[in-house]
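Contents: one structure, followed by commentary.
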Amino acid sequence: MAVERTLSIIKPDATRRNLTGKINAVIEEAGLRIVAQKRVALTRAQAEGFYAVHKERSFFGELVDFMISGPVVVQALEGENAVATYREVMGATNPANAEEGTIRKQFAESIEANSVHGSDSLENAAIEIAYFFAQTEIVG
Ligand code: GDP
Ligand code: MG
């Protein structure tokens with residue numbers, strides 16, 4: 001296994017309920033280090049650009065509306081096998097299918113308002129981290 005970085009977003013449903021610290025605790029307990037973090041209000045253009053891969057999906061418009069409905073916390077996470085590790089810690093997209101102990105099982109409200117984003121591959125992780133952070137903002 002190699003040390004990797006992945007992009008995490010704590011979504012508006014979670015920041016609204018003041019869950020940033022609880023989610024960060026789950027991340028850190030899983031052995032991942034938060035090596036960059038900032039709270040931002042995404043613009044519509046930023047949210048559309050971030051989720052461009054989903055632009056043909058029926059829920060794209062709702063997803064973008066949701067992502068700009070409140071602040072988000074964007075994070076770069078570092079650790080052994082970070083991409084897959086964080087996907088495991090997040091749990092399934094639909095919280096009804098998420099394993100016990102995962103962030104989505106504990107905190108998600110719905111398949112859309114599911115509390116966190118995590119990159120799905122190492123290649124996408126690099127693209128997504130660069131979408132939000134300058135190299136100088138990441139301190140490992
Ligand atoms: P993820 O990688 O587990 O986050 O899931 P996807 O990449 O498939 O989807 C991106 C995000 O779109 C999800 O995290 C949800 O916030 C949202 N989403 C996924 N499926 C649906 C759906 O069927 N309906 C709605 N409204 N949102 C969805
Ligand atoms: Mg995804």
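What you are looking at is a predicted structure, and each value in this text was computed from that prediction instead of being measured. Reckoned from all heavy atoms, side chains included, excluding hydrogens, waters and symmetry mates.
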Flag side-chain contact, heavy atom, 4.5 Å: Val3 against Glu78: yes
Side-chain touch Val73/Thr15, heavy atoms, less than 4.5 angstrom: yes
Residues Thr93, Arg104; criterion side chain to side chain contact (heavy atoms under 4.5 Å, CB included); working and verdict: CA-CA 8 Å; Thr93 307; Arg104 284 167 166 171; 4.0 Å; yes
Closest heavy-atom pair and its distance - Phe66, Glu112: CE2-O, 3.4 Å
Separation between OH of Tyr86 and CD of Gln75, rounded to the nearest 0.5 Å: 6.0 Å
For Glu99 against Thr102, the heavy-atom pair lying closest together: O-OG1, 2.7 Å
Common cluster, Phe133/Val40, ILVMFWY with side-chain heavy-atom separation under 4.5 Å: yes
Linked, directly or transitively: Leu122 and Met90 (ILVMFWY side chains, under 4.5 Å): no
Atom pair OG/CG of Ser69 and Asp13 - distance to nearest 0.5 Å: 8.0 Å
Donor-acceptor pair, side chain of Ser119 and main chain of Ser121, under 3.5 angstrom: no
Side-chain heavy-atom pair Tyr51, His117 within 4.5 angstrom cut-off: yes
Euclidean distance, Gln37 CD relative to Ile10 CD1, rounded to 0.5 Å: 6.0 Å
Geometric class of the Phe50/Phe132 ring pair [parallel <30°, tilted 30-60°, perpendicular >60°]: tilted
Side-chain heavy atoms of Arg39 within contact of Pro71, under 4.5 Å: yes
Side chains of Arg17 and Ser115 in contact at under 4.5 Å (non-hydrogen atoms): yes
Path from Val116 to Leu19 over hydrophobic side-chain contacts below 4.5 Å: yes
Lys/Arg-Asp/Glu bridge criterion (N-O < 4.0 Å) met for Glu137, Lys38: yes
Cluster check Tyr131, Leu7: I/L/V/M/F/W/Y, side chain < 4.5 angstrom: yes
Approximate separation, where rounding is to 0.5 Å, of Leu77 CG and Arg5 CZ: 10.5 Å
Heavy-atom closest contact (Pro12 atom, Gly70 atom, distance): CG-O, 3.6 Å
Donor-acceptor pair, side chain of Thr85 and main chain of Asn81, under 3.5 angstrom: yes
Side chain to side chain, Ile9 and Met67, heavy atoms closer than 4.5 Å: yes
Minimum heavy-atom distance between Thr43 and Ile68, given as atom pair plus value: O-CG2, 3.7 Å
Heavy-atom neighbours of Arg33 CZ exceed 12 at 6.0 Å: no
Ser8 side, atom OG; Ile34 side, atom CD1 - distance, nearest 0.5 Å: 8.0 Å
Shortest non-hydrogen contact from Gly140 toward Val35: CA-CG1, 3.8 Å
CZ-CG distance between Phe107 and Asn114, expressed to the nearest 0.5 angstrom: 13.5 Å
Within one Ile-Leu-Val-Met-Phe-Trp-Tyr cluster: Leu63 and Leu42, side-chain cutoff 4.5 Å: yes
Distance-only polar pair, side chains of Thr6 and Arg87, donor-acceptor under 3.5 Å: no
Shortest non-hydrogen contact between Ala113 and Ser110, atoms and distance: N-OG, 2.9 Å
